[in-house]
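This report concerns only the one structure given below.
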Amino acid sequence: MTVTVTAPNVELARRGYAALAAGDLAALHELLAPDIKWHGGVPEDGCQNRAQALAFIQRDDRPGLPGLVDVIDAGDDRVVVIVQPPAQDGETPPLRANVTTFRDGRVVEMVAYESPQDACAAAGIPSRRP
């Protein structure tokens with residue numbers, strides 16, 4: 001019998017995406033640190049706290065929710081989260097990714113990247129294709 005050991009932050013990220021898919025804002029509220037930063041490389045240009053992050057998640061102008069493809073342990077309290085954005089006009093966009101940093105079991109930063117390869121490079125780990 002093979003036992004798979006999952007790093008705690010990998011499991012937290014998976015639970016976060018399950019909560020997102022279920023619309024469980026209370027679970028997301030608990031997972032996100034009050035001072036979370038969520039951005040595309042420039043912290044000042046993104047969400048600066050939990051309230052802003054939750055408001056962004058709840059926006060009505062989004063085409064749908066991204067689907068979780070993979071979560072890769074990157075060490076140092078970080079994971080690379082690979083997602084499939086929803087189809088738009090019948091076209092499936094390329095995979096995207098973020099590097100998510102945890103502190104004390106909560107997300108303190110998410111940095112978005114255009115590709116899983118870019119996110120893995122930023123996290124200092126080898127890229128693996130999902």
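All of these numbers come straight from a predicted model, not from anything done at the bench. No hydrogens, no waters, no symmetry mates; every other heavy atom, side chains included, goes into these values.
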Run the salt bridge (Lys or Arg N to Asp or Glu O under 4.0 Å) test against [X] and tell me which residues pass, sequence neighbours left out.
| X | result |
| --- | --- |
| D35 | R103 |
| R15 | none |
| R50 | none |

Quick check: closest heavy atoms across [X] and [Y], and the distance to 0.1 Å?
| X | Y | value |
| --- | --- | --- |
| V71 | A13 | CG1-CB, 3.9 Å |
| S115 | A97 | O-CB, 3.9 Å |
| P116 | R96 | CG-O, 4.3 Å |

Does one hydrophobic cluster hold both V108 and F102, with members joined at side-chain heavy-atom distances below 4.5 Å? no
Are V99 and V69 linked, directly or through intermediate hydrophobic residues, by side-chain heavy-atom contacts shorter than 4.5 Å (ILVMFWY only)?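 Shared cluster, yes.
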In Å and rounded to the nearest 0.5 Å, what is the [atom1] to [atom2] distance from [X] to [Y]?
| X | Y | atom1 | atom2 | result |
| --- | --- | --- | --- | --- |
| I57 | L28 | CD1 | CG | 5.0 Å |
| N98 | D118 | CG | CG | 12.5 Å |
| D24 | E30 | CG | CD | 10.0 Å |
| T100 | Y17 | OG1 | OH | 6.0 Å |

Any non-hydrogen side-chain atom of R14 less than 4.5 Å from a side-chain atom of N9? no
Between E114 and P94, is any pair of side-chain heavy atoms under 4.5 Å apart?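 Result no, sub-4.5 Å side-chain heavy-atom pair not found.
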Residues in side chain to side chain contact (heavy atoms under 4.5 Å, CB included) with A112, at least two apart?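 Side chain to side chain contact (heavy atoms under 4.5 Å, CB included) list for A112, sorted by chain: empty.
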With sequence neighbours excluded, residues passing side chain to side chain contact (heavy atoms under 4.5 Å, CB included) with H39: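 H39: side chain to side chain contact (heavy atoms under 4.5 Å, CB included) contacts with K37, P43, E109, V111.
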Sequence neighbours excluded and cut-off under 3.5 Å, please list the side-chain donor-acceptor pairs for residues 72-85, or say none.
| from | atom 1 | to | atom 2 | distance (Å) |
| --- | --- | --- | --- | --- |
| D73 | OD1 | G75 | N | 3.0 |
| R78 | NH2 | A123 | O | 3.0 |
| Q84 | NE2 | P93 | O | 2.6 |

